[in-house]
Structures are given as C-alpha cells and as structure tokens.
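Just dropping this structure here.
We use all heavy atoms of the structure for the numbers below, so side chains are in, but hydrogens, waters and symmetry mates are not.
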Amino acid sequence: MSKVLVLNASYEPLNITSWRRAIVLIIKGKAETVEHNGLAVYTSFPLPTVIRLRHYVRIPYKDIPLTRRNLLYRDNHTCQYCGYAGDGLTLDHVVPRSRGGKEVWENMVSACVRCNVKKGNRTPKEARMPLRITPRKPHSSLYFEIARHTRGDAHQEWRKYVIGLPH
C-alpha cells in the first residue's frame, strides 16, 4: 500500500509512516485522519494519506547542513537560471562572494556551467538572468523526504502541509 504523512497537532509535518502504523494510531485515538485517497481498509474505514496527532509532540530543532548534495536536492538537480537538468551542475552565489554574498541557503543555487559563467561576478538582476525560484532554507530534514515522495502524481495532498514545496 502506501505511506502516510504524520502531522503534529499544530499541522506541521513530523514524519512519514506506514499505513499500518497510521491505522493503529487512529484506532488508539492518538491521531485523526486529515486526508484519505478514497481507498478503504474496511468498508467504513478510509485508508489515510495524512493523519494528525491529537496531542502536540515537542521535537528538538535540527539544523539542515548546507552541503552540495542538499543544495542540489533542494533545487531538484536543475539549473535555477535556464532549467537545464543534467550532469555538471555547479553551485552559484546569487550575490557573489566578492560583493559580500554569504554562503547561506538563501544565497546559493544550482546552476549549469554555461549560466554560471554567463552570470559571472554579477547579481541575477544585473546579468538579466532571473531565478526560477527564490532560494530558501528547507524548514526541516523531513522536507527532502516529502519532496521525494511527492514527485510525479503520488501524494500530492501532502504538498499543502509543507512550507517551501510548490503547490
């Protein structure tokens, strides 16, 4: 069957679990169904795709490291200037380091070599190369997991619960 997105009582994503574990949480009264896909476990029991815990669970904040791998994953292995998706992507500082640009999530994007060279030591505005998506820091490590599960047509109902994923 499929996976289920688990939301905290505050509707923020907590994790992804199996449909069996989700059913157990619902039967025990620890969670409620928020979304379902029309399929049923039993005739009157819809198979959930998103559940919400009834009580808030406090989780410690875990920072996501800014690595080449995470940055390329955030940008879907695509040049943020021209849309090229292939081998040989580089990392580009939106505001160049020589002009005070920092090495932070909001100032780094993936770029093909051609666009990176064309942009040079300029901002996207100066180079007349607008970014496809404004770069931002993922809100949780779960962001990457959810992004992977929502590619294609699967689990589109999850998108509205995750900050930063296109709807």
Side-chain angles (χ1 to χ4, degrees), residues 1-39 41 45-81 85 89-97 99-111 116 123-124 131-167:
M1 293 245 186
S2 72
K3 297 289 185 181
V4 177
L5 178 64
V6 180
L7 304 175
N8 212 336
S10 60
Y11 286 89
E12 64 184 312
L14 273 181
N15 72 347
I16 298 168
T17 191
S18 70
W19 67 272
R20 289 176 193 244
R21 175 75 177 129
I23 297 294
V24 169
L25 290 169
I26 292 167
I27 290 171
K28 286 185 169 184
K30 294 183 177 191
E32 63 186 1
T33 301
V34 177
E35 306 258 353
H36 61 85
N37 59 6
L39 300 175
V41 180
F45 201 99
L47 182 66
T49 55
V50 179
I51 62 171
R52 180 180 152 264
L53 298 180
R54 292 189 186 273
H55 298 288
Y56 184 80
V57 176
R58 190 166 142 36
I59 50 169
Y61 177 72
K62 192 174 168 187
D63 203 22
I64 302 165
L66 176 61
T67 63
R68 175 183 175 77
R69 183 177 178 190
N70 285 347
L71 203 113
L72 289 171
Y73 197 84
R74 180 202 65 187
D75 293 346
N76 201 21
H77 292 82
T78 305
C79 175
Q80 294 303 294
Y81 298 107
L89 288 174
T90 62
L91 301 184
D92 179 54
H93 291 78
V94 178
V95 175
R97 283 188 295 185
R99 298 169 98 190
K102 305 280 185 224
E103 199 147 306
V104 294
W105 284 97
E106 296 80 4
N107 191 47
M108 302 216 27
V109 294
S110 55
N116 206 342
T123 65
L131 287 165
R132 296 172 150 246
I133 296 170
T134 304
R136 51 175 61 105
K137 180 180 181 179
H139 292 276
S140 73
S141 55
L142 184 61
Y143 171 91
F144 294 125
E145 186 75 14
I146 293 171
R148 190 170 57 81
H149 280 284
T150 57
R151 286 211 177 109
D153 294 333
H155 301 294
Q156 291 305 301
E157 68 279 7
W158 293 9
R159 291 182 171 277
K160 60 183 144 189
Y161 301 103
V162 183
I163 298 169
L165 276 183
H167 295 295

Could you tell me if the side chain of H36 sits less than 4.5 Å from the side chain of L47, heavy atoms only?
no
Nearest heavy-atom neighbours spanning Q156 and T150
NE2-O, 2.8 Å
Are the side chain of R74 and the backbone N or O of R136 linked by a donor-acceptor pair below 3.5 Å?
yes
Using a strict cut-off of less than 4.0 Å between a Lys/Arg side-chain nitrogen and an Asp/Glu carboxylate oxygen, indicate whether K3 and E145 qualify as a salt bridge.
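Salt bridge absent between K3 and E145.
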Rounded to the nearest 0.5 Å, what separation is found between the CD atom of Q80 and the OG1 atom of T134?
10.0 Å
With rounding to the nearest 0.5 angstrom, report the CG to OG distance, D92 to S110.
9.5 Å
Would you sort out whether Y161 and I146 count as a side chain to side chain contact (heavy atoms under 4.5 Å, CB included), showing the intermediate values?
CA-CA 10 Å; Y161 301 103; I146 293 171; over 6 Å; no
Stepwise side chain to side chain contact (heavy atoms under 4.5 Å, CB included) check, D75 with I133
CA-CA 9 Å; D75 293 346; I133 296 170; over 6 Å; no
Is a side-chain donor or acceptor of R52 paired with a backbone partner of A9 at a separation under 3.5 angstrom?
yes
P48 to I51 - nearest heavy-atom pair and separation:
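Result for this residue pair: CB-CG2, 3.7 Å.
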Quick one: closest heavy-atom pair of I16 and W158, and the distance?
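Taking I16 first and W158 second, the nearest heavy atoms are CD1-CZ3, 3.7 Å.
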Do E12 and Y56 have side chains that approach each other closer than 4.5 Å (heavy atoms only, starting at C-beta)?
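With C-beta onward as the side chain, the pair touches.
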Quick check: do L71 and W105 have side-chain heavy atoms less than 4.5 Å from each other?
yes
Given 3.5 Å as the limit, does a donor-acceptor pair link the side chain of N8 with the main chain of L14, or not?
no
What are the two closest non-hydrogen atoms of L5 and P13, and how far apart are they?
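So the minimum-distance heavy-atom pair works out to CD1-CB, 4.2 Å.
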Scanning both residues in full, the closest heavy-atom pair of L89 with R68 reads O-NH2, 2.7 Å
With distance as the sole test, does N76 use its side chain to make a donor-acceptor pair with the main-chain N or O of T78 at under 3.5 Å?
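Pair absent, no side-chain N/O of N76 close to backbone of T78.
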To the nearest 0.5 Å, what is the distance between CH2 (W19) and CG (L39)?
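Going from CH2 on W19 over to CG on L39, the span is 11.0 Å.
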Using only atom types and a distance under 3.5 Å, with no angle test, would you say the side chain of N70 pairs donor to acceptor with the backbone of P65?
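Pair found, side chain donor or acceptor close to backbone of P65.
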Distance check, rounded to the nearest 0.5 Å: E103 atom CD versus M108 atom CE?
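Separation between the atoms: 4.5 Å.
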So R99 and T123, do their side chains get closer than 4.5 Å, heavy atoms only?
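They are in side-chain contact.
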Would you find a donor on one side and an acceptor on the other, under 3.5 Å apart, between the side chain of E35 and the backbone of T33?
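No; judged by distance alone, with no hydrogens or angles, the pair does not exist.
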Hey, mind stepping through K30 and R54 against side chain to side chain contact (heavy atoms under 4.5 Å, CB included) and telling me if it holds?
CA-CA 6 Å; K30 294 183 177 191; R54 292 189 186 273; over 6 Å; no
Does N107 use its side chain to pair, donor to acceptor, with the backbone of H93 at less than 3.5 Å?
no
Closest non-hydrogen atom pair between A111 and C79, with its separation:
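Here A111 and C79 meet closest at CA-SG, 3.7 Å.
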